[in-house]
**Q** 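Before anything else, here's the structure in question.
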Amino acid sequence: MEKIYFHIDANSAYLSWEAVYRLQQGEQIDLRDIPSVVGGNPKTRKGIILAKSIPAKKYNIQTGETLFKALQKCPNLKIVSPNYHLYMRASNAMHEILKEYSPNIQRFSIDESFLDLNFSSKTDSIKLAFEIKERIKKELGFTVNIGISSNKLLAKVASDFEKPNNVHTLFPSEIKEKMWPLPVSDLFMVGRATTPKLHRIGIYTIGDLANTDLDYLKYTLKSHGRLIWEYANGIESSSIKSDKDTSIKGIGNSTTLPRDIDQSENALMYLLALTEMVAMRLRHAEKLCKVVVISIKNTDLSHYSHQTTLVSPTDETNIIYDAVKNLFHQAWHFQAIRHLGVRVTGFSDNDCYQYSIFDHGNLENIRTLNSTIDDLRLRYGKDIILRSTFLHKKVKPVIGGVGEDEYKMMSSLL
DNA sequence: TCTGGGGTCCTAGGACCC
DNA sequence: TCTGGGGTCCTAGGACCC
């Protein structure tokens with residue numbers, strides 16, 4: 001028996017899920033068959049492409065570009081707004097099916113999972129991959145690509161080969177033929193910043209990278225150089241990480257403001273709304289945080305951050321917000337603000353809350369109040385209860401998050 | 001009407017301690 | 001009275017992923 005890894009990747013996930021849902025609702029047109037995208041609202045300055053159909057791809061429409069630009073390329077492009085709750089449900093449904101095949105499953109992102117299984121032959125593994133792919137298509141209505149190999153990295157690269165609705169293998173013996181001719185930017189962990197650096201030293205394909213002297217790469221790119229050299233050679237040996245193996249390290253929410261802000265009271269209102277959501281998620285995760293970070297993006301998209309370490313770990317909205325307020329006053333450059341973020345890290349378990357001598361008031365009562373508010377918001381919606389600051393204001397009292405079934409995003413770690 | 005929002009890890013410099 | 005080295009924590013920024 002040999003251990004084999006599968007990487008399952010939903011094809012154009014958001015768009016496919018949106019298409020399936022709309023067909024179920026009686027819509028006649030399948031979004032997957034026409035040039036279409038899932039994208040944000042340009043009026044609130046969130047108008048970028050989150051997912052595109054294969055016909056849209058033929059117009060050279062790119063994920064991440066503005067709707068404005070996409071419409072120039074394809075004037076009759078169909079645009080639909082994202083519905084994250086729906087995507088979460090579709091993702092969960094896929095996860096439930098995959099779980100039946102192996103207890104060793106790692107949810108890598110909303111639309112990707114790794115499985116490991118034991119097979120007596122490679123042919124058997126391919127057979128099973130086809131079975132899983134067909135089952136998802138039949139039961140859930142969307143297609144997936146499945147990559148098969150002897151490690152997670154190669155399985156992931158394989159699932160990215162010809163799409164949609166395909167099974168590909170990339171075993172070590174196939175690396176030279178199937179992976180080395182690809183542009184180096186196709187390699188996991190070679191992104192926007194590394195690609196031009198590699199080009200500058202004459203590395204254009206994954207094969208070029210694989211055959212470059214390791215010491216030279218380490219000298220130019222430090223530890224990242226070793227990592228991508230190993231990946232280019234198919235060297236990777238991490239195992240499946242279960243939900244229990246990985247615990248969340250930080251929680252953050254951020255938002256692009258509908259309009260630039262140049263007044264601190266206004267900015268603080270958004271920061272409070274963001275803090276409410278961050279603190280609620282923190283309590284839901286049963287963690288305490290020691291570090292609070294704010295981030296600010298200017299109109300020109302340059303950005304900066306400022307952080308502080310608390311006297312003692314907390315999950316209390318007001319304590320976190322006090323820190324946020326101080327950070328903002330210390331950090332703000334008095335330039336117009338486009339985007340604000342609040343993030344907490346430095347986690348510990350919440351089973352032994354340390355009452356600091358600096359705490360004021362009856363914290364036990366405040367903690368009870370917080371959990372009551374969390375319950376109400378979970379049951380009746382985020383806006384059911386609000387601080388008086390938000391009365392008659394246009395700012396929503398709680399900003400960010402989709403608020404259900406959180407899962408980790410281990411995106412730069414296999 | 002010009003680029004979203006959620007994560008992780010690494011690095012480098014400074015502070016501080018022994 | 002002029003100077004070492006190692007370890008750890010904190011902070012800011014940058015890289016990567018989806």
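In what follows, chains carry the letters A, B, and so on, assigned in the order in which the sequence lines appear, proteins first and then strands, with residues in each chain numbered from 1.
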**Q** Nearest-Å distance, CG (Leu327(A)) to P (dT11(C))?
**A**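 Computing the Leu327(A):CG to dT11(C):P distance gives 9 Å.
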
**Q** Fill in the dot-bracket string of DNA chain B, one character per base: . for unpaired, | for a pair to another strand, ( ) or [ ] for pairs within the strand, taking Watson-Crick or G-U pairs under 3.5 Å.
**A** ....||||||||||||||

**Q** May I ask you to check whether Thr143(A) and Asn11(A) show a side-chain donor-acceptor distance below 3.5 Å?
**A**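 Looking only at side-chain atoms, Asn11(A) and Thr143(A) do form a donor-acceptor pair, the distance falling under 3.5 Å.
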
**Q** What integer distance in Å separates Tyr87(A):OH from dG5(B):C1'?
**A** 14 Å

**Q** Between dC17(C), dG5(B), dT11(C), which one does the side chain of His339(A) approach most closely?
**A** dG5(B)

**Q** In whole Å, I'd like the distance from the CG atom of Leu221(A) to the C1' atom of dC16(C).
**A** 13 Å

**Q** What is the distance, to the nearest angstrom, from the CG atom on Leu274(A) to the C1' atom on dG5(B)?
**A** 11 Å

**Q** Flag the pair Lys396(A) and Glu276(A) as a salt bridge only when some basic side-chain nitrogen lies within less than 4.0 angstrom of an acidic carboxylate oxygen.
**A**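 No, Lys396(A) and Glu276(A) are not salt-bridged.
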
**Q** What residues, two or more places apart in sequence or in another chain, satisfy side chain to side chain donor-acceptor pair (under 3.5 Å) together with Asn165(A)?
**A**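 Scan of Asn165(A) (side chain to side chain donor-acceptor pair (under 3.5 Å), adjacent residues dropped) gives Lys133(A).
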
**Q** Taking atom types as modelled, is there a side-chain donor on Lys297(A) or Ser302(A) under 3.5 Å from an acceptor on the other?
**A**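 No pair is found: no donor N or O on one side chain lies under 3.5 Å from an acceptor on the other.
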
**Q** Could you tell me whether the phosphate oxygens of dG5(B), OP1 or OP2, come under 4.0 Å of any side-chain nitrogen or oxygen in Thr256(A)?
**A**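 Answer is yes, contact under 4.0 Å.
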
**Q** What does Glu112(A) touch in the nucleic acid at a heavy-atom separation under 4.0 angstrom: a base, only the sugar-phosphate, or nothing?
**A** sugar-phosphate

**Q** Select base, sugar-phosphate, or nothing to describe what Val291(A) touches, counting heavy atoms under 4.0 Å on all strands.
**A**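 The answer is nothing, as Val291(A) stays clear of every strand by at least 4.0 Å.
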
**Q** Any idea which of dC2(B), dT11(B), dG5(B) is nearest the Arg338(A) side chain?
**A**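 Shortest atom-to-atom distance from the side chain points to dC2(B).
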
**Q** How close or far is atom P of dC2(B) from atom CG of Leu71(A), stated in whole angstroms?
**A** 11 Å

**Q** Can you name the residues that form a side chain to side chain contact (heavy atoms under 4.5 Å, CB included) with Tyr59(A), not counting sequence neighbours?
**A**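 With neighbours one apart ignored, the set is Pro35(A), Ile61(A), Cys74(A).
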
**Q** Look at the side-chain N and O atoms of Thr255(A) and state whether any lies under 4.0 Å from the OP1 or OP2 oxygen of dG5(B).
**A** yes

**Q** Does dG13(C) have its OP1 or OP2 closer than 4.0 Å to a side-chain nitrogen or oxygen of His303(A)?
**A**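 No, His303(A) has no side-chain N/O under 4.0 Å of OP1/OP2 on dG13(C).
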
**Q** Once you apply a heavy-atom cut-off of 4.0 Å, does Leu50(A) come out as touching a base, just sugar-phosphate, or nothing?
**A**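 Result for Leu50(A) = base.
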
**Q** At less than 4.0 Å, is any side-chain N or O atom of Arg343(A) found next to OP1 or OP2 of dT8(B)? Yes or no.
**A**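 So the side chain of Arg343(A) is within the cut-off, an N or O lying under 4.0 Å from OP1 or OP2 of dT8(B).
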
**Q** Within this structure, what is the CD-to-P distance between Gln72(A) and dT1(B), rounded to whole angstrom?
**A** 11 Å

**Q** OH of Tyr231(A) versus P of dC9(B): gap in Å, rounded?
**A**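 Value for this atom pair: 12 Å.
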
**Q** Just checking Arg45(A): base, sugar-phosphate only, or nothing, at a heavy-atom cut-off of under 4.0 Å?
**A**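 Arg45(A): backbone/sugar contact only, no base atoms under 4.0 Å.
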
**Q** Say we look at dG4(C) and dC16(B): how far apart would their C1' atoms be, to the nearest angstrom?
**A**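 Comparing C1' positions in dG4(C) and dC16(B) gives a spacing of 16 Å.
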
**Q** May I ask you to check whether Gln106(A) and Ser242(A) show a side-chain donor-acceptor distance below 3.5 Å?
**A** no

**Q** Could you give the CD1-to-C1' distance, from Ile110(A) to dC17(C), as a whole number of Å?
**A** 14 Å

**Q** Using distance alone, with no hydrogens and no angle criterion, decide if Gln330(A) and His306(A) have a side-chain donor and acceptor under 3.5 Å apart.
**A** yes

**Q** Can Asn83(A) and Arg89(A) be counted as having a side-chain donor-acceptor contact under 3.5 angstrom?
**A**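 Checked: Asn83(A)/Arg89(A) side chains show no N/O donor-acceptor pair below 3.5 Å.
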
**Q** Establish, with yes or no, whether the OP1 or OP2 oxygen of dT11(C) is under 4.0 angstrom from a side-chain nitrogen or oxygen of Thr309(A).
**A**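 For dT11(C), OP1 or OP2 has a side-chain N or O of Thr309(A) closer than 4.0 Å.
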
**Q** Please determine if a side-chain N or O atom of Asn253(A) lies less than 4.0 Å away from the OP1 or OP2 oxygen of dG6(B).
**A** yes

**Q** Select base, sugar-phosphate, or nothing to describe what Thr299(A) touches, counting heavy atoms under 4.0 Å on all strands.
**A** nothing

**Q** Taking OP1 and OP2 of dA12(C), is either one under 4.0 Å from a side-chain nitrogen or oxygen of His306(A)?
**A** yes

**Q** Side chain of Gln307(A), heavy atoms from C-beta onward: which of dA12(C), dC17(C), dC2(B) has the nearest atom to it?
**A**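 My answer, after comparing the listed nucleotides, is dA12(C).
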
**Q** Does Thr194(A) put a side-chain nitrogen or oxygen below 4.0 Å from OP1 or OP2 of dC16(C)?
**A** yes

**Q** Here's a test of your reading of the structure: between Gly47(A) and Lys222(A), which maps to the more 5' nucleotide of DNA chain B?
**A** Gly47(A)

**Q** Touch check for Gly40(A), heavy atoms < 4.0 angstrom, all strands: base, sugar-phosphate only, or nothing?
**A**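 The residue Gly40(A) makes no contact with any strand.
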
**Q** If you look at every strand shown and take non-hydrogen atoms under 4.0 Å, does Lys156(A) touch a base, only sugar-phosphate, or nothing?
**A** sugar-phosphate

**Q** Does a side-chain N or O of Lys46(A) approach OP1 or OP2 of dG5(B) to a distance below 4.0 Å, or not?
**A** yes

**Q** Which residue, Lys290(A), Lys287(A), Arg283(A), Arg367(A), forms the salt bridge (charged side-chain N to carboxylate O under 4.0 Å, His left out) with Asp315(A)?
**A**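 Single pass found, and it is Arg367(A).
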
**Q** Need one value for Lys297(A): base, sugar-phosphate or nothing, where a base atom within 4.0 Å counts as base even if backbone is also close, heavy atoms only.
**A**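 Sugar-phosphate, no base atom in range.
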
